[in-house]
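What follows is a single structure, written as C-alpha coordinates, with notes after it.
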Number of protein chains: 2
Amino acid sequence: MLTNSRLVHQAHDHGRCINAALTRALDLCVERKARMTPTREAVLRLLWQSHQPLGAYQLQDQLATMLDKPIAPPTVYRAIEFLLQLGLIHRIASLNAYIGCPFPNSDHSNLFMICNNCGSAAEVAHASINDLLQTASDKANFTLQSQTLELFGLCPQCASTENESK
Amino acid sequence: MLTNSRLVHQAHDHGRCINAALTRALDLCVERKARMTPTREAVLRLLWQSHQPLGAYQLQDQLATMLDKPIAPPTVYRAIEFLLQLGLIHRIASLNAYIGCPFPNSDHSNLFMICNNCGSAAEVAHASINDLLQTASDKANFTLQSQTLELFGLCPQCASTENESK
DNA sequence: AAGTGTTACGTTATAATATAACATTAAAAG
DNA sequence: CTTTTAATGTTATATTATAACGTAACACTT
Ligand SMILES: [Zn+2]
Ligand SMILES: [Zn+2]
Ligand SMILES: [Zn+2]
Ligand SMILES: [Zn+2]
(Lines give C-alpha, C1' and ligand atoms only; values in the text may rest on other atoms or scores of the structure.)
(Ligands and ions follow the chains in the order given, each with its own letter.)
Protein backbone atom coordinates (compact mmCIF):
# COMPACT_ATOMS: atom_id res chain seq x y z
CA MET A 1 0.00 0.00 0.00
CA LEU A 2 1.75 3.08 -1.30
CA THR A 3 0.40 6.30 0.17
CA ASN A 4 1.29 9.85 1.02
CA SER A 5 -1.18 9.74 3.88
CA ARG A 6 1.33 10.46 6.63
CA LEU A 7 2.71 13.48 4.84
CA VAL A 8 -0.71 14.79 4.09
CA HIS A 9 -2.06 14.52 7.58
CA GLN A 10 0.94 15.56 9.62
CA ALA A 11 3.26 18.51 9.91
CA HIS A 12 6.16 18.03 7.54
CA ASP A 13 8.65 19.87 5.42
CA HIS A 14 6.26 20.67 2.65
CA GLY A 15 8.91 22.47 0.65
CA ARG A 16 10.28 19.03 -0.03
CA CYS A 17 6.93 17.85 -1.38
CA ILE A 18 6.87 20.78 -3.77
CA ASN A 19 10.44 20.39 -4.91
CA ALA A 20 10.11 16.68 -5.38
CA ALA A 21 6.95 17.18 -7.40
CA LEU A 22 8.56 19.79 -9.64
CA THR A 23 11.63 17.66 -10.20
CA ARG A 24 9.49 14.68 -11.13
CA ALA A 25 7.47 16.88 -13.44
CA LEU A 26 10.51 18.24 -15.26
CA ASP A 27 11.95 14.76 -15.64
CA LEU A 28 8.71 13.48 -17.04
CA CYS A 29 8.56 16.36 -19.51
CA VAL A 30 12.02 15.54 -20.77
CA GLU A 31 11.08 11.90 -21.08
CA ARG A 32 7.86 12.63 -22.94
CA LYS A 33 9.26 15.56 -24.89
CA ALA A 34 6.60 17.80 -23.46
CA ARG A 35 7.07 21.46 -22.56
CA MET A 36 6.87 22.68 -19.01
CA THR A 37 5.94 26.28 -19.67
CA PRO A 38 5.71 29.00 -16.99
CA THR A 39 1.92 28.80 -16.84
CA ARG A 40 1.95 25.04 -16.47
CA GLU A 41 4.62 25.14 -13.83
CA ALA A 42 2.73 27.84 -11.96
CA VAL A 43 -0.42 25.73 -11.93
CA LEU A 44 1.50 22.70 -10.78
CA ARG A 45 3.09 24.76 -8.00
CA LEU A 46 -0.29 26.06 -6.93
CA LEU A 47 -1.69 22.55 -6.80
CA TRP A 48 1.23 21.63 -4.58
CA GLN A 49 0.84 24.62 -2.26
CA SER A 50 -1.05 22.34 0.05
CA HIS A 51 -2.42 18.84 0.14
CA GLN A 52 -5.89 20.13 -0.48
CA PRO A 53 -7.44 19.97 -3.91
CA LEU A 54 -8.13 23.29 -5.63
CA GLY A 55 -10.93 24.20 -8.01
CA ALA A 56 -10.22 25.64 -11.44
CA TYR A 57 -11.40 29.09 -10.45
CA GLN A 58 -9.40 29.11 -7.27
CA LEU A 59 -6.46 28.31 -9.50
CA GLN A 60 -7.46 31.13 -11.80
CA ASP A 61 -7.48 33.67 -8.95
CA GLN A 62 -4.20 32.53 -7.50
CA LEU A 63 -2.59 32.30 -10.89
CA ALA A 64 -3.67 35.84 -11.74
CA THR A 65 -2.14 37.04 -8.47
CA MET A 66 1.00 34.99 -8.96
CA LEU A 67 1.62 36.15 -12.51
CA ASP A 68 0.17 39.60 -11.85
CA LYS A 69 -2.01 39.64 -14.91
CA PRO A 70 -5.54 38.61 -15.71
CA ILE A 71 -5.96 34.95 -16.56
CA ALA A 72 -8.92 33.55 -18.48
CA PRO A 73 -10.48 30.16 -17.73
CA PRO A 74 -9.16 28.44 -20.86
CA THR A 75 -5.61 29.17 -19.75
CA VAL A 76 -6.23 27.38 -16.49
CA TYR A 77 -8.06 24.48 -18.07
CA ARG A 78 -5.33 24.05 -20.66
CA ALA A 79 -2.69 23.77 -17.99
CA ILE A 80 -4.90 21.36 -16.05
CA GLU A 81 -5.46 19.29 -19.17
CA PHE A 82 -1.74 19.12 -19.86
CA LEU A 83 -0.89 18.10 -16.32
CA LEU A 84 -3.67 15.53 -16.25
CA GLN A 85 -2.38 13.98 -19.47
CA LEU A 86 1.07 13.61 -18.01
CA GLY A 87 -0.42 12.10 -14.88
CA LEU A 88 1.08 14.84 -12.73
CA ILE A 89 -2.25 15.80 -11.22
CA HIS A 90 -5.62 14.22 -10.64
CA ARG A 91 -9.16 15.42 -10.80
CA ILE A 92 -11.32 14.74 -7.78
CA ALA A 93 -14.68 14.27 -9.45
CA SER A 94 -16.86 14.69 -6.39
CA LEU A 95 -15.24 18.04 -5.61
CA ASN A 96 -14.65 19.38 -9.11
CA ALA A 97 -11.12 20.01 -7.93
CA TYR A 98 -7.57 19.12 -8.79
CA ILE A 99 -4.59 17.93 -6.81
CA GLY A 100 -0.95 17.09 -7.43
CA CYS A 101 -0.11 13.41 -7.72
CA PRO A 102 2.55 12.26 -5.27
CA PHE A 103 3.61 9.25 -7.33
CA PRO A 104 2.97 9.90 -10.99
CA ASN A 105 4.90 6.82 -12.01
CA SER A 106 2.69 4.22 -10.39
CA ASP A 107 0.00 2.58 -12.50
CA HIS A 108 -2.70 4.83 -11.23
CA SER A 109 -5.77 3.11 -10.24
CA ASN A 110 -5.55 4.93 -6.96
CA LEU A 111 -7.99 6.11 -4.38
CA PHE A 112 -8.27 9.26 -2.33
CA MET A 113 -9.02 9.77 1.33
CA ILE A 114 -10.51 13.21 1.64
CA CYS A 115 -11.11 14.99 4.92
CA ASN A 116 -14.56 16.51 5.29
CA ASN A 117 -13.19 18.91 7.85
CA CYS A 118 -9.91 20.29 6.55
CA GLY A 119 -10.21 19.28 2.91
CA SER A 120 -6.90 17.47 2.74
CA ALA A 121 -6.71 14.58 0.30
CA ALA A 122 -4.31 11.67 0.60
CA GLU A 123 -3.70 9.40 -2.34
CA VAL A 124 -3.45 5.69 -1.78
CA ALA A 125 -2.30 3.00 -4.19
CA HIS A 126 -3.78 -0.16 -2.77
CA ALA A 127 -3.08 -3.27 -4.81
CA SER A 128 -5.47 -5.60 -3.04
CA ILE A 129 -8.39 -3.18 -3.42
CA ASN A 130 -7.61 -2.96 -7.09
CA ASP A 131 -7.41 -6.72 -7.32
CA LEU A 132 -10.76 -7.06 -5.67
CA LEU A 133 -12.32 -4.49 -7.97
CA GLN A 134 -10.87 -6.35 -10.92
CA THR A 135 -12.27 -9.61 -9.62
CA ALA A 136 -15.68 -8.09 -9.05
CA SER A 137 -15.61 -6.67 -12.58
CA ASP A 138 -14.63 -10.03 -14.02
CA LYS A 139 -17.45 -11.73 -12.21
CA ALA A 140 -19.89 -9.22 -13.66
CA ASN A 141 -18.33 -9.60 -17.12
CA PHE A 142 -17.46 -5.95 -16.94
CA THR A 143 -14.29 -4.85 -18.75
CA LEU A 144 -12.75 -2.47 -16.26
CA GLN A 145 -10.93 0.45 -17.83
CA SER A 146 -10.69 3.14 -15.20
CA GLN A 147 -11.98 4.03 -11.80
CA THR A 148 -12.90 6.89 -9.53
CA LEU A 149 -12.50 6.01 -5.86
CA GLU A 150 -13.05 8.80 -3.40
CA LEU A 151 -13.40 8.18 0.31
CA PHE A 152 -14.72 10.93 2.55
CA GLY A 153 -14.33 11.20 6.29
CA LEU A 154 -12.03 12.67 8.88
CA CYS A 155 -8.27 12.72 8.63
CA PRO A 156 -6.32 11.63 11.74
CA GLN A 157 -5.72 15.22 12.83
CA CYS A 158 -9.30 16.38 12.47
CA ALA A 159 -10.65 13.20 14.05
CA SER A 160 -8.54 13.73 17.17
CA THR A 161 -9.51 17.38 17.36
CA GLU A 162 -13.16 16.38 17.22
CA ASN A 163 -12.63 13.98 20.08
CA GLU A 164 -10.98 16.64 22.23
CA SER A 165 -13.86 19.02 21.79
CA LYS A 166 -16.30 16.50 23.22
CA MET B 1 -22.55 -9.33 -3.66
CA LEU B 2 -25.88 -7.71 -4.36
CA THR B 3 -26.16 -6.22 -7.82
CA ASN B 4 -28.57 -5.34 -10.58
CA SER B 5 -25.84 -5.95 -13.10
CA ARG B 6 -27.63 -8.67 -15.02
CA LEU B 7 -30.77 -6.63 -15.39
CA VAL B 8 -28.84 -3.60 -16.46
CA HIS B 9 -26.83 -5.31 -19.11
CA GLN B 10 -29.37 -7.66 -20.57
CA ALA B 11 -32.74 -7.50 -22.19
CA HIS B 12 -35.41 -7.76 -19.53
CA ASP B 13 -38.92 -6.72 -18.65
CA HIS B 14 -38.01 -3.21 -17.70
CA GLY B 15 -41.56 -2.30 -16.84
CA ARG B 16 -41.02 -4.46 -13.80
CA CYS B 17 -37.97 -2.44 -12.81
CA ILE B 18 -40.01 0.74 -12.99
CA ASN B 19 -42.98 -0.62 -11.11
CA ALA B 20 -40.84 -2.15 -8.43
CA ALA B 21 -38.98 1.11 -7.99
CA LEU B 22 -42.17 3.12 -7.71
CA THR B 23 -43.67 0.71 -5.23
CA ARG B 24 -40.57 0.82 -3.07
CA ALA B 25 -40.59 4.61 -3.30
CA LEU B 26 -44.20 4.91 -2.19
CA ASP B 27 -43.61 2.51 0.67
CA LEU B 28 -40.60 4.46 1.79
CA CYS B 29 -42.56 7.71 1.66
CA VAL B 30 -45.23 6.27 3.89
CA GLU B 31 -42.60 4.99 6.28
CA ARG B 32 -40.78 8.32 6.42
CA LYS B 33 -43.90 10.43 6.25
CA ALA B 34 -42.63 12.12 3.14
CA ARG B 35 -44.74 13.24 0.22
CA MET B 36 -44.41 11.71 -3.21
CA THR B 37 -45.73 14.58 -5.29
CA PRO B 38 -46.38 14.41 -9.04
CA THR B 39 -43.14 16.21 -9.88
CA ARG B 40 -41.10 13.93 -7.68
CA GLU B 41 -42.74 10.85 -9.04
CA ALA B 42 -42.21 12.06 -12.59
CA VAL B 43 -38.51 12.59 -11.94
CA LEU B 44 -38.20 9.18 -10.38
CA ARG B 45 -39.95 7.62 -13.36
CA LEU B 46 -37.64 9.42 -15.75
CA LEU B 47 -34.63 8.18 -13.87
CA TRP B 48 -36.01 4.69 -14.23
CA GLN B 49 -36.78 5.00 -17.92
CA SER B 50 -33.50 3.29 -18.55
CA HIS B 51 -30.53 2.04 -16.65
CA GLN B 52 -28.49 5.01 -17.80
CA PRO B 53 -27.90 7.98 -15.56
CA LEU B 54 -29.51 11.26 -16.65
CA GLY B 55 -28.24 14.79 -16.16
CA ALA B 56 -30.36 17.43 -14.44
CA TYR B 57 -30.99 19.29 -17.66
CA GLN B 58 -31.93 16.16 -19.54
CA LEU B 59 -34.41 15.61 -16.75
CA GLN B 60 -35.60 19.17 -17.14
CA ASP B 61 -36.30 18.69 -20.86
CA GLN B 62 -38.04 15.39 -20.44
CA LEU B 63 -40.01 16.62 -17.47
CA ALA B 64 -41.20 19.65 -19.40
CA THR B 65 -42.35 17.37 -22.21
CA MET B 66 -43.92 14.89 -19.81
CA LEU B 67 -45.86 17.50 -17.86
CA ASP B 68 -46.37 19.70 -20.90
CA LYS B 69 -45.31 22.90 -19.23
CA PRO B 70 -42.04 24.75 -18.74
CA ILE B 71 -39.94 23.53 -15.86
CA ALA B 72 -37.23 25.62 -14.22
CA PRO B 73 -33.98 24.12 -12.93
CA PRO B 74 -34.85 24.53 -9.24
CA THR B 75 -37.87 22.31 -9.70
CA VAL B 76 -35.67 19.55 -11.04
CA TYR B 77 -33.00 19.98 -8.41
CA ARG B 78 -35.56 19.98 -5.64
CA ALA B 79 -36.97 16.69 -6.79
CA ILE B 80 -33.45 15.30 -7.12
CA GLU B 81 -32.60 16.52 -3.65
CA PHE B 82 -35.70 14.90 -2.20
CA LEU B 83 -35.07 11.58 -3.90
CA LEU B 84 -31.41 11.62 -2.89
CA GLN B 85 -32.37 12.20 0.72
CA LEU B 86 -34.67 9.21 0.69
CA GLY B 87 -31.94 7.14 -0.92
CA LEU B 88 -34.14 6.42 -3.92
CA ILE B 89 -31.60 7.72 -6.40
CA HIS B 90 -27.86 8.27 -6.54
CA ARG B 91 -25.67 10.92 -8.00
CA ILE B 92 -22.85 9.73 -10.23
CA ALA B 93 -20.23 12.35 -9.48
CA SER B 94 -17.98 11.74 -12.44
CA LEU B 95 -20.89 12.19 -14.82
CA ASN B 96 -22.90 14.88 -13.04
CA ALA B 97 -25.81 12.58 -13.50
CA TYR B 98 -28.45 10.76 -11.51
CA ILE B 99 -29.82 7.25 -11.49
CA GLY B 100 -32.46 5.26 -9.69
CA CYS B 101 -31.28 3.03 -6.89
CA PRO B 102 -32.30 -0.61 -7.31
CA PHE B 103 -32.03 -1.47 -3.61
CA PRO B 104 -32.69 1.62 -1.53
CA ASN B 105 -32.84 -0.41 1.63
CA SER B 106 -29.27 -1.69 1.67
CA ASP B 107 -26.72 0.22 3.69
CA HIS B 108 -25.43 2.04 0.71
CA SER B 109 -21.78 2.13 0.38
CA ASN B 110 -22.17 0.85 -3.11
CA LEU B 111 -20.22 1.08 -6.29
CA PHE B 112 -21.19 1.59 -9.90
CA MET B 113 -20.03 -0.12 -13.05
CA ILE B 114 -20.57 2.32 -15.86
CA CYS B 115 -20.27 1.45 -19.53
CA ASN B 116 -18.16 3.87 -21.54
CA ASN B 117 -19.96 2.78 -24.66
CA CYS B 118 -23.67 2.61 -23.89
CA GLY B 119 -23.73 4.61 -20.68
CA SER B 120 -25.52 1.99 -18.62
CA ALA B 121 -24.70 1.91 -14.93
CA ALA B 122 -25.05 -1.11 -12.70
CA GLU B 123 -25.02 -0.74 -8.96
CA VAL B 124 -23.13 -3.25 -6.87
CA ALA B 125 -23.19 -3.73 -3.11
CA HIS B 126 -20.00 -5.59 -2.41
CA ALA B 127 -19.38 -6.27 1.24
CA SER B 128 -15.80 -7.42 0.96
CA ILE B 129 -14.77 -4.33 -0.98
CA ASN B 130 -16.37 -2.21 1.69
CA ASP B 131 -14.59 -4.21 4.36
CA LEU B 132 -11.31 -3.71 2.63
CA LEU B 133 -11.88 0.01 2.27
CA GLN B 134 -12.76 0.17 5.93
CA THR B 135 -9.59 -1.70 6.84
CA ALA B 136 -7.48 0.55 4.65
CA SER B 137 -9.08 3.58 6.27
CA ASP B 138 -8.43 2.20 9.73
CA LYS B 139 -4.81 1.59 8.91
CA ALA B 140 -4.45 5.17 7.77
CA ASN B 141 -6.31 6.41 10.85
CA PHE B 142 -8.90 7.80 8.54
CA THR B 143 -12.48 7.92 9.84
CA LEU B 144 -14.45 6.75 6.84
CA GLN B 145 -17.84 8.41 6.49
CA SER B 146 -18.89 8.02 2.88
CA GLN B 147 -17.53 6.95 -0.44
CA THR B 148 -17.79 7.47 -4.16
CA LEU B 149 -16.83 4.40 -6.15
CA GLU B 150 -17.29 4.58 -9.89
CA LEU B 151 -15.83 2.00 -12.24
CA PHE B 152 -15.70 2.73 -15.94
CA GLY B 153 -15.31 0.23 -18.72
CA LEU B 154 -17.40 -1.88 -21.04
CA CYS B 155 -20.56 -3.69 -20.07
CA PRO B 156 -20.88 -7.34 -21.16
CA GLN B 157 -23.00 -6.44 -24.18
CA CYS B 158 -20.78 -3.67 -25.45
CA ALA B 159 -17.64 -5.71 -24.82
CA SER B 160 -18.91 -8.59 -26.94
CA THR B 161 -20.02 -6.21 -29.69
CA GLU B 162 -16.53 -4.70 -29.72
CA ASN B 163 -15.07 -8.16 -30.12
CA GLU B 164 -17.32 -9.00 -33.03
CA SER B 165 -16.31 -5.89 -34.91
CA LYS B 166 -12.66 -6.92 -34.81
C1' DA C 1 18.62 33.96 -41.44
C1' DA C 2 14.09 32.94 -43.65
C1' DG C 3 10.45 30.10 -44.25
C1' DT C 4 7.21 26.64 -42.46
C1' DG C 5 4.65 23.82 -39.51
C1' DT C 6 3.45 23.02 -34.81
C1' DT C 7 2.46 24.06 -30.20
C1' DA C 8 1.07 27.13 -26.74
C1' DC C 9 -1.34 31.18 -25.39
C1' DG C 10 -4.78 35.20 -25.54
C1' DT C 11 -9.47 36.60 -25.97
C1' DT C 12 -14.30 36.48 -26.34
C1' DA C 13 -18.25 34.23 -25.96
C1' DT C 14 -21.08 30.68 -24.38
C1' DA C 15 -22.40 25.98 -22.69
C1' DA C 16 -23.54 23.10 -18.81
C1' DT C 17 -24.36 22.38 -14.02
C1' DA C 18 -26.17 24.15 -9.74
C1' DT C 19 -28.09 27.33 -6.19
C1' DA C 20 -29.93 31.78 -3.82
C1' DA C 21 -33.71 34.48 -2.80
C1' DC C 22 -38.25 35.55 -2.58
C1' DA C 23 -43.23 35.16 -3.97
C1' DT C 24 -47.11 31.97 -4.36
C1' DT C 25 -49.82 27.94 -3.81
C1' DA C 26 -51.17 23.63 -1.82
C1' DA C 27 -51.45 20.57 1.89
C1' DA C 28 -51.61 19.25 6.89
C1' DA C 29 -52.65 20.26 11.47
C1' DG C 30 -55.22 22.33 14.94
C1' DC D 1 -61.76 27.77 8.84
C1' DT D 2 -57.51 29.42 9.98
C1' DT D 3 -52.91 28.75 11.00
C1' DT D 4 -48.75 26.59 10.00
C1' DT D 5 -45.83 24.01 7.20
C1' DA D 6 -44.29 22.07 3.02
C1' DA D 7 -43.95 22.35 -1.83
C1' DT D 8 -43.69 24.88 -6.01
C1' DG D 9 -43.08 28.91 -9.15
C1' DT D 10 -40.11 32.53 -10.73
C1' DT D 11 -36.20 35.28 -11.51
C1' DA D 12 -31.71 35.88 -11.16
C1' DT D 13 -27.14 34.38 -10.61
C1' DA D 14 -23.18 31.42 -9.15
C1' DT D 15 -20.01 27.84 -10.54
C1' DT D 16 -17.65 24.80 -13.61
C1' DA D 17 -16.14 23.96 -18.25
C1' DT D 18 -15.52 24.43 -23.34
C1' DA D 19 -15.91 26.31 -28.29
C1' DA D 20 -14.03 29.11 -31.63
C1' DC D 21 -10.81 31.89 -33.54
C1' DG D 22 -6.77 34.77 -33.65
C1' DT D 23 -1.84 35.60 -32.28
C1' DA D 24 2.64 34.60 -30.59
C1' DA D 25 6.41 31.57 -29.56
C1' DC D 26 9.05 27.72 -30.70
C1' DA D 27 11.56 24.27 -33.44
C1' DC D 28 12.84 22.37 -37.49
C1' DT D 29 14.26 22.65 -42.45
C1' DT D 30 16.58 24.78 -45.97
ZN1 LIG E 1 3.52 18.01 1.67
ZN1 LIG F 1 -8.77 16.99 8.25
ZN1 LIG G 1 -34.58 -2.54 -15.83
ZN1 LIG H 1 -22.47 -0.85 -22.65
Side-chain angles (χ1 to χ4, degrees), chain A residues 25-26 28-44 46-47 52-64 66-86 88-99 119 148 150, chain B residues 25-26 28-44 46-47 52-64 66-86 88-99 119 148 150:
Chain A
L26 292 174
L28 196 59
C29 282
V30 171
E31 190 187 320
R32 303 277 184 89
K33 289 173 185 163
R35 278 151 62 186
M36 181 55 72
T37 66
T39 309
R40 290 166 176 177
E41 182 174 330
V43 168
L44 186 59
L46 286 170
L47 288 178
Q52 297 164 3
L54 282 184
Y57 286 78
Q58 290 176 280
L59 280 172
Q60 180 190 23
D61 285 350
Q62 300 191 18
L63 194 57
M66 195 172 174
L67 305 180
D68 195 34
K69 65 174 179 181
I71 298 292
T75 301
V76 178
Y77 280 100
R78 282 166 185 157
I80 288 172
E81 175 66 18
F82 173 83
L83 297 167
L84 283 174
Q85 295 273 351
L86 282 185
L88 292 168
I89 65 172
H90 294 294
R91 178 169 197 272
I92 310 281
S94 34
L95 298 177
N96 296 324
Y98 305 86
I99 191 168
T148 295
E150 295 163 5
Chain B
L26 292 174
L28 196 59
C29 282
V30 171
E31 189 187 321
R32 303 277 185 89
K33 290 171 186 166
R35 278 154 59 187
M36 180 56 71
T37 66
T39 308
R40 291 166 175 176
E41 182 174 331
V43 167
L44 185 59
L46 286 171
L47 288 178
Q52 297 165 4
L54 281 185
Y57 286 77
Q58 290 175 279
L59 280 173
Q60 181 190 22
D61 285 351
Q62 299 189 19
L63 194 57
M66 196 169 172
L67 305 181
D68 196 33
K69 64 175 177 179
I71 298 292
T75 301
V76 178
Y77 280 100
R78 281 166 184 155
I80 288 172
E81 176 65 19
F82 172 84
L83 296 168
L84 283 174
Q85 297 273 350
L86 282 186
L88 292 169
I89 65 172
H90 294 296
R91 179 171 196 271
I92 311 280
S94 34
L95 298 177
N96 297 324
Y98 307 86
I99 190 167
T148 295
E150 294 163 7

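Letters A, B, ... mirror the listed sequences (proteins, then strands); counts begin at 1. Atom set for the values below is all heavy atoms of this structure, side chains included, hydrogens, waters and symmetry mates excluded.
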Please give, in whole Å, the distance from dA19(D) P to Glu81(A) CD?
10 Å
Nearest listed nucleotide, side chain of Thr75(B), among dT16(D), dT12(C), dT10(D)
dT10(D)
From dC9(C), dA18(C), dA17(D), nucleotide with atom closest to Ala56(B) side chain
dA18(C)
Separation of Leu83(B) atom CG from dA7(D) atom P, in whole Å?
12 Å
Let's test your reading of the model: under 3.5 Å, does the base of dA20(C) pair with the side chain of Tyr77(B) as donor and acceptor?
no
Can you tell me if Gln85(A) and Glu81(A) form a side-chain donor-acceptor pair at under 3.5 Å?
yes
Has the side chain of Tyr57(B) got a donor or acceptor atom sitting under 3.5 Å from an opposite partner on the base of dA18(C)?
yes
Separation of Glu41(A) atom CD from dC9(C) atom P, in whole Å?
12 Å
Could you state the atom-to-atom distance from NZ of Lys33(B) to C1' of dA29(C) in whole Å?
13 Å
Pick base, sugar-phosphate or nothing for Arg35(B), based on heavy-atom distances below 4.0 Å to the nucleic acid.
sugar-phosphate
Quick note, Arg78(A) side chain, CB onward, closest among dA18(C), dG10(C), dA17(D) is dG10(C)
Counting only side-chain heavy atoms from C-beta out, which of dT18(D), dA7(D), dT17(C) sits nearest to Pro74(A)?
dT18(D)
Students often get this wrong, so: under 4.0 angstrom with heavy atoms, is Lys69(B) touching a base, only sugar-phosphate, or nothing?
sugar-phosphate
For residues Tyr98(A) and Leu47(A), report the shortest heavy-atom separation together with the two atoms involved.
O-CD2, 3.3 Å
To the nearest Å, give me how far apart CD1 (Ile92(B)) and P (dA16(C)) are.
21 Å
What closest approach, in Å, do Ala97(A) and Gly55(A) show between heavy atoms, and which atom pair accounts for it?
CB-N, 4.0 Å
Tell me the interatomic distance from Leu67(A), atom CG, to dG10(C), atom P, rounded to whole angstroms.
9 Å
Report the distance from atom CG of Leu54(B) to atom C1' of dT17(C), rounded to the nearest whole Å.
15 Å
How long is the line joining CE of Met36(B) and C1' of dA27(C), in whole Å?
16 Å
Using the side-chain heavy atoms of Tyr98(A), tell me which of these nucleotides is nearest: dA20(C), dA18(C), dA17(D).
dA17(D)
Please tell me which of the listed nucleotides, dT16(D), dT17(C), dT11(D), lies nearest to the side chain of Asn96(A)?
dT16(D)
Compare side-chain N and O positions of Thr37(B) against OP1 and OP2 of dT8(D) and report whether any pair is under 4.0 Å apart.
yes
